[in-house]
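To keep things clear, I will list the structure first and then write my remarks on it.
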Amino acid sequence: MSLRRLLMHSPIAVATLWIVVYLLFALFPLLVLLLHPLPSGRGFWTEFSVALGFIGLALMALQFVLTARVNRIEASYGIDILLQFHRYTAMVAFVMVLVHPVILFIVQPETLQLLNFFQAPWRARMAVLAMLAFLAMVVTTIWRKQLKIPYEPWRASHSILAVLAVGLGFGHAIGVGNYLGLFWKAMLWSGIMLISLWLIIYVRLVKPWLMTKKPYIVEAVYPQRGDVWTLALRPLGHAGFTFQPGQFAWLTLNITPLSMREHPFSMSSSGDRADRIEFGIKAIGDFTKRIKDYKPGTKAYLDGPYGVFTIDRYWDTAGFVLIAGGVGITPIFSILLSAAERKDDRPFLLIYAAATWDDVTYRENLEELKQALDLKIVYVLRKAQDDWEGETGYVDQALLEKYIPLHRGTRQYFICAAPVMMDAVERALFELNVPITNIHMEHFNLA
Ligand SMILES: Cc1cc2nc3c(=O)[nH]c(=O)nc-3n(C[C@H](O)[C@H](O)[C@H](O)COP(=O)(O)OP(=O)(O)OC[C@H]3O[C@@H](n4cnc5c(N)ncnc54)[C@H](O)[C@@H]3O)c2cc1C
């Protein structure tokens, strides 16, 4: 099979290719730096420390690609896996950048005086400031909730600190000049830095500006069971977009997208209807509690669709097991609605956990969908009323074993729920010999 055909037919091959590209980009600048002419007469540890610094800087620059919502990359992994990777590689970069001066301090103790901020040359001051920016980023990200930093100020400061850390880090490398003394090497690194800067300008300014050209208006807002509100949007002066059911979009309401105060929500309507896009939004915080107050006619903006939590990627699978907890039903509801409209005749099993019978969002609509689909629904209530004859408690291994088909590998499993439930269900499915590649999860808590 040719490489092109392989890439067209195998998502795993595409995902692997992205990893190879990533590694090349992470290591390429270092390989170029090692080309002639090399600084002479420096020991192994000094060179090793410099190499760590450069790879750390390249990894930091690559973070801008990981978070730029590049659709092609995102489509191979899903946003939660990309963000996990972003977190892990940022930590790796942080450790490298931190170890880089520590080695120098050990092998060349005289370099310790560069820590004297007021007397040190600018190149050393830039290194210290870059390190402080990086440290602030790591601390405010890991302990954001403990430090009580609201999501939006955190996100804005995260971008500013990232630009500072990378810019100052690069300034330090140019200032030291040992490896970047040659014009073309300095140009190569400048190119990498400019691409990173462009990506952040594109994501924060250009893309939001393009979104202002494609507004939506609120067509309706109405309540559902479980403290969830349906927000229905209509495209204004353009065609809107279709999507793969289960995907999500970033929503901005009643303010310009340039303000960057957007929130991710899964579409809950049919993926094939571009003229009316609906969301099911649970009132849990500052933004979501205000959804009910927005009036028809309010302007809205969408950036999407994104995500890989969709049955459209598994057209040749025999059927689906969908497992939802609370508001995690929204992407799954879209999957079922779209399947009904497309007259999909494969079996669907929905295991749906909610607090009480009254909290079962879209209950009536789901029951209706049974007419159009081969759909079995198992409701699992945490607090059931006295006359409830269905399942109670939690979705555990015993419950799953009772309902999922014996030939486990013939189905794809989609889970969207609170993190604790998703972890427990994933473990239970694994114990029940469901192949790990058949399990797909959507996390609502990105940050
Ligand atoms: C892929 C995806 C799909 C989602 N789909 C739905 C859905 O269909 N229905 C639904 O009700 N909720 C959904 N969510 C969750 C929803 O985005 C958050 O509940 C909402 O952004 C909370 O905002 P808030 O200001 O009301 O709450 P806050 O009290 O400010 O935040 C509560 C928590 O939500 C997260 N959060 C807040 N703002 C953002 C933001 N701008 N971007 C990312 N995370 C944020 C943070 O972890 C925060 O700690 C989804 C989340 C993701 C990542």
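All figures in this text were calculated on a predicted structure; none of them were measured in a lab. Just follow the structure's listing: the first ligand is 1, and inside any ligand the first atom is 1.
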For this session: Using a 4.5 Å cut-off on heavy atoms from C-beta on, say whether the side chain of V138 contacts that of F134.
Result: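 With C-beta onward as the side chain, the pair touches.
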Exercise. Given side chains that start at C-beta, do those of L399 and E401 come closer than 4.5 Å, heavy atoms only?
Worked result: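 The answer is no; the side chains never approach within 4.5 Å.
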[X], any N or O under 3.5 Å of ligand 1 N or O:
X	result
I284	no
S266	yes
F287	yes
R155	no
E442	no
K289	no
T330	yes

Would you mind running through ligand 1 and noting each atom that sits below 4.0 Å from a heavy atom of [X]?
X	result
V327	9 (N), 10 (C), 11 (O)
E262	40 (C), 41 (N)
H443	52 (C), 53 (C)
I281	11 (O)
F248	1 (C)
R144	46 (C), 47 (O), 48 (C), 49 (O)

Which label fits [X] and [Y]: parallel for a plane angle under 30°, tilted from 30 to 60°, or perpendicular past 60°?
X	Y	result
W154	H158	tilted
Y22	F85	perpendicular
F333	Y362	parallel
Y306	F248	tilted

Exercise. Rounded to the nearest 0.5 Å, what separation is found between the CZ atom of R382 and the CG atom of D359?
Worked result: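 So the CZ of R382 and the CG of D359 are separated by 8.0 Å.
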Problem set entry | Spacing of CZ belonging to F25 relative to CD1 belonging to I195, to within rounding of 0.5 Å |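 Between atom CZ of F25 and atom CD1 of I195 there are 6.5 Å.
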For this session: Tell me which one of G280, P331, S268 gets a heavy atom nearest to atom 9 (N) of ligand 1.
Result: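 Ranked by closest heavy atom to atom 9 (N) of ligand 1, first place is G280.
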For this session: Out of F333, W229, F444, W250, indicate the one that has the non-hydrogen atom closest to atom 51 (C) of ligand 1.
Result: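 Among F333, W229, F444, W250, the closest heavy atom to atom 51 (C) of ligand 1 belongs to F444.
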Exercise. So, are D344 and R346 salt-bridged, with charged N and O less than 4.0 Å apart?
Worked result: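 Judged by the 4.0 Å cut-off on N to carboxylate O distance, D344 and R346 do form a salt bridge.
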Problem set entry | Pairing of E364 and R225 as salt bridge, 4.0 angstrom limit |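 Looking at R225 together with E364, the answer is yes, because their closest N to O distance falls below 4.0 Å.
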For this session: Compute the minimum heavy-atom distance from F265 to ligand 1 and say whether it is under 4.0 Å.
Result: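 It does, in that a heavy atom of F265 comes within the 4.0 Å cut-off of ligand 1.
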